Amino acid sequence: MDLDSWKPADIARRLATVAACLIGVTAFLALWLGVPTHFVLGLLGGGVIGFISFLLVHPVIRAFYR
């Protein structure tokens, strides 16, 4: 795979996906282990927080790489 052929939008999408996954997993662990919530509620909260963080981080990274 030639990494130099990626467009700035591709790089921003991939980095935003990685960041959103990290934030979502951290939120899931915090909700499940730190706060006494049920496992399924922790999964749901981590997924929602990860999705919202993707929507917020992607435009910022995309503006950075343009």
Side-chain angles (χ1 to χ4, degrees):
M1 179 184 304
D2 185 18
L3 298 179
D4 294 330
S5 67
W6 286 0
K7 298 176 185 170
D10 297 333
I11 295 170
R13 187 183 72 246
R14 287 179 173 93
L15 286 177
T17 302
V18 169
C21 288
L22 290 173
I23 292 169
V25 168
T26 303
F28 160 66
L29 288 174
L31 288 172
W32 181 38
L33 298 174
V35 181
T37 58
H38 193 266
F39 176 77
V40 176
L41 290 176
L43 271 177
L44 182 63
V48 168
I49 291 172
F51 181 72
I52 291 172
S53 67
F54 176 80
L55 293 177
L56 295 175
V57 170
H58 184 257
V60 173
I61 295 175
R62 191 169 179 170
F64 179 75
Y65 275 104
R66 281 195 172 186

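Here the structure is a predicted model, which means the values were calculated and not measured. For the single chain, residues carry numbers from 1 onward in sequence order.
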Are [Y] and [X] co-members of a hydrophobic cluster defined by side-chain heavy atoms under 4.5 Å apart?
{"X": "Phe39", "Y": "Leu44", "answer": "no"}
{"X": "Leu29", "Y": "Val35", "answer": "no"}
{"X": "Leu31", "Y": "Val40", "answer": "no"}

State, with a plain yes or no, whether a side-chain heavy atom of Ile49 is found less than 4.5 Å away from one of Ile23. yes
Could you tell me which non-hydrogen atom of [X] sits nearest to which non-hydrogen atom of [Y], and how far apart they are?
{"X": "His58", "Y": "Ala9", "value": "NE2-O, 4.4 Å"}
{"X": "Tyr65", "Y": "Pro8", "value": "O-CB, 3.6 Å"}
{"X": "Pro59", "Y": "Phe54", "value": "CD-O, 4.3 Å"}
{"X": "Val60", "Y": "Leu56", "value": "CG2-O, 3.5 Å"}
{"X": "Gly46", "Y": "Ala27", "value": "CA-CB, 4.2 Å"}

Spacing of [X] atom [atom1] and [Y] atom [atom2] [to the nearest 0.5 Å]:
{"X": "Trp32", "Y": "Thr37", "atom1": "CH2", "atom2": "OG1", "answer": "10.0 Å"}
{"X": "Phe64", "Y": "Ile11", "atom1": "CZ", "atom2": "CD1", "answer": "11.0 Å"}
{"X": "His38", "Y": "Leu43", "atom1": "NE2", "atom2": "CG", "answer": "10.0 Å"}

Ionic contact status for Asp10 with Lys7, cut-off 4.0 Å: no
